[in-house]
Engineer: 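The structure that follows is given in the form of structure tokens.
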Amino acid sequence: MSDISAIDVRYHSHDALRLSDGAEIYYDFQGEGPAITFINNFYIVSPVWRNFTTDLARRTAMLTYDLRNQGASFSESSVDDFSTHVDDLVHLLDHVGVESTFMVGSSISTLIARDFALMYPDRVSGLIFVGPAFSPFGGYRRQAISKSWLASLNSGGNKQLFESLYPLVFSDQSINLGGPATYYALRETFLSLLSERSIRENLEASLKVHDDPTDLSGLSMPVEVLVGDGEFMWSDSMMDEVRRLIPHVETVTIPGAGHVPFFDNPNMFQDAILKFVFSQERK
């Protein structure tokens, strides 16, 4: 597990894209090499990636950004459905001059990455799904989980939501090794960085996402599914099914990691992505 006391969540730059509807999207684009775009899930902000991608930053051009109404990005309007996130991302890639990118989605943002790739396949060099929120068997369980997290948020705010998330997303090893100090440090970071508005509107929007497993068969670009062996949403049978639906998929399981393997084991997380990206670059 990473040292939580050393995690840097400061915004080091102030680049922002102003969209036609008045929204501003914060982003950070640095480095040289194959472009990799990281799409936040609802529970992390852009600077968090810096702590888990030092090797990637030396060998690739990394684009990180905050979703609208998250972190340093804002909008007067709410996010009604995920097509807004897809539209924002294509405008951002145009703005920074990236024609094609590898795309990393984590948890719920794998739905954004998936839908972007289906709509703009020529703009995606490869997809890396980390702890996917989607299932190759259908979306009912994902929706039930999102509804339970919404119930936690509505009854006790971000604090109660964190109580629901913590034992699910981190691995058994990390929770026991980190102990109370890590728990409280993570909770305070969570409460200080994330707004209830952003989480609520995105959870509500996620309930509208189309979740037909056969859509996965339409992904024409290289795909990697990366999970921890303590992942609470995925199983061996789901890995078998995703390999059936996407014959060209690569699957990686990181030992001792959970739903956020970049936190539990950043070295193996980065190694898996670098191997995938540069294997495609050599083709």
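Values in this document were obtained by computation on a predicted structure and should not be read as measured data.
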Engineer: Is it true that the side chains of D264 and Q173 contain a donor and an acceptor less than 3.5 Å apart?
Structural biologist: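 D264 vs Q173: no donor-acceptor pair found between side chains.
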Engineer: I'd like to know if the side chain of N40 pairs up with that of W49 as donor and acceptor (distance under 3.5 Å, no hydrogens or angles considered).
Structural biologist: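 Side-chain D/A pair, N40 to W49: present.
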Engineer: Among side-chain atoms of D81 and H85, is any donor-acceptor pair under 3.5 angstrom?
Structural biologist: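 Per modelled atom types, D81 and H85 side chains form no pair under 3.5 Å.
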Engineer: Is a side-chain donor or acceptor of D66 paired with a backbone partner of A72 at a separation under 3.5 angstrom?
Structural biologist: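 Between the backbone of A72 and the side chain of D66 there is a qualifying donor-acceptor contact (under 3.5 Å).
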Engineer: Are E188 and Y183 linked by a side-chain donor-acceptor pair shorter than 3.5 Å?
Structural biologist: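 No, no side-chain donor-acceptor pair sits under 3.5 Å.
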Engineer: One thing to verify: whether D211 and R141 come together as a salt bridge, which I'm taking to mean a side-chain N less than 4.0 angstrom from a carboxylate O.
Structural biologist: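 Answer for the salt bridge query: no.
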Engineer: Could you verify whether a donor N or O on one side chain and an acceptor N or O on the other, from N267 and D271, lie under 3.5 Å apart?
Structural biologist: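 No pair is found: no donor N or O on one side chain lies under 3.5 Å from an acceptor on the other.
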Engineer: Hydrogens and angles aside, do N41 and S106 bring a side-chain donor and acceptor to less than 3.5 Å of each other?
Structural biologist: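 Their side chains do contain a donor-acceptor pair, which is all the 3.5 Å distance test asks for.
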Engineer: Assess R200 against F42: is NZ or CZ under 6.0 Å from the centre of the six-membered ring, and within 45 degrees of the ring's axis?
Structural biologist: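 No - R200 does not lie over the ring of F42 by the 6.0 Å and 45° rule.
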Engineer: Checking side-chain polar atoms at under 3.5 Å, does T214 have a donor or acceptor matched by the opposite partner on S217?
Structural biologist: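 Side-chain D/A pair, T214 to S217: absent.
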Engineer: Does anything in residues 218-229 form a side chain to side chain donor-acceptor pair (under 3.5 Å)? List the pairs, not counting sequence neighbours.
Structural biologist: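 As it turns out, there is no side chain to side chain donor-acceptor pair (under 3.5 Å) pair with a partner in residues 218-229 once direct neighbours are skipped.
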Engineer: Does P266 offer a backbone N or O that forms a donor-acceptor pair with the side chain of Q270 under 3.5 Å?
Structural biologist: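 Judged by distance alone, yes, a pair lies under 3.5 Å.
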Engineer: Could you tell me whether the side chains of N202 and Y43 share a donor-acceptor contact shorter than 3.5 Å?
Structural biologist: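 Short answer, no.
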Engineer: Between T84 and R68, do the side chains contain an N or O donor and an N or O acceptor separated by less than 3.5 Å?
Structural biologist: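 Judged by distance alone, the side chains do not pair up.
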